[in-house]
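Below: the structure, in structure tokens.
Just so you know, ligand 1 is whichever comes first in the structure, and atom 1 is the first atom listed for that ligand.
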Amino acid sequence: MAVTKVLDQIWCIEVPLPKNPLKYLNAYFIRGKERNLLIDTGFNLPACREALLSGLEELGVSMETTDIFLTHMHSDHTGLVEAVKSRTSTVWASEKDAEVIRVAGSDDFWGELEQLWIKLGFREDSHTHPGRKFAANGNFPMEILGEGDEVNVGDYRFQVLHTPGHTKGHLCLYEKDQKILISGDTILADITPNISIGVGNLNPLGDYFESLKRLESLRVEHTLTAHRRRPASLYERIRELRDHHGHRLEEALGIVRSGRGMTAAEAASKMHWDITSRTWEEFPPSQKWFAIGEAAAHLQLLAARGDIARREEKGYWIYEG
Ligand SMILES: [Zn+2]
């Protein structure tokens, strides 16, 4: 079943993400009185488009009366906005992520990101980010939402929460009375959300820990995640995510202290990764990209805490313990 009812007036459309470890995107549809809300869309790929459109058709949705809320800027969430929106659809996003969506088609944006990875010690013949080919053409108009705003659909009154970490401008929706959290990629149940350094996003893990603390303080019974299954308990999942990063921080600290200064790429090559390649050299370049981004997120937090230091040498960022 590609469409399942989740809660009163809320449905989940499962959008497959071919060749992606996230497997599928959960696009949520909330039926309102005058306007409906669609949350996230899928990659700009035929398989995603077909699944989303047939799901909307199964639900008898008219996009003329439906608005779109984007939890964050990644192309598996934003890629199909232009394919599904109508002239009357309002598209909502956070200011920080909307900025990225607007420039995601530009060479400057990717060039800056690629320069950052070179600083982190990434050495490959091609420095093309694996997400570049999926970049949505973000030329659609967006309305900005942020912390403290409200989104009302039918009887639901959602508070907008800014939960940076996975992206700088990530947003969640929280329905206090019904104890519903639409968590985007801030909380995922059976996979750990990718927390990666980015341009202008230099301590994402520090931000993420703050976001987890914030979500932990809410009363939530239903956590509607953007990928795969939904967790039975938000609080248990937050503990697991915190433990996971706690172990990774210890691992990264041990690696940096065992050397005499290293780049994030060197640290990443010594960390343990759940992937089938036996050695770092055998990692596909796209996996190296993500691994380096994640390793750097941990090193940057260690440096922010003063557990290690970072200096610049010949254009590289060198971490030492
Ligand atoms: Zn994402």
**Q.** Residues clustered with Val160, ILVMFWY side-chain links under 4.5 angstrom
**A.** Val6, Leu7, Ile10, Tyr28, Ile30, Leu37, Ile39, Phe69, Trp92, Leu145, Val151, Val153, Tyr156, Phe158, Leu171, Leu173, Ile180, Ile182, Leu224
Q. Got a sec, which pairs hit ring-ring contact (aromatic ring centres under 6.0 Å, His included) with one end in residues 168-210, sequence neighbours left out?
A. His72-His170, Tyr208-His245
Q. What are the protein N/O/S atoms, named by residue and atom, that sit under 2.8 Å from the Zn ion (ligand 1)?
A. His72 NE2, His74 ND1, His166 NE2, Asp185 OD2
Q) Who passes side chain to side chain donor-acceptor pair (under 3.5 Å) against Asp40, sequence neighbours left out? A) Thr71, His77
Q. Counting only heavy atoms not in Glu57, do more than 12 fall under 6.0 Å of its CD?
A. no
Q. Distance only, no hydrogens: is a donor on one side chain within 3.5 Å (strictly under) of an acceptor on the other, for Ser211 and Thr186?
A. no
Q) Any Lys/Arg nitrogen of Lys213 or Glu216 sitting under 4.0 Å from an Asp/Glu carboxylate oxygen of the other? A) no
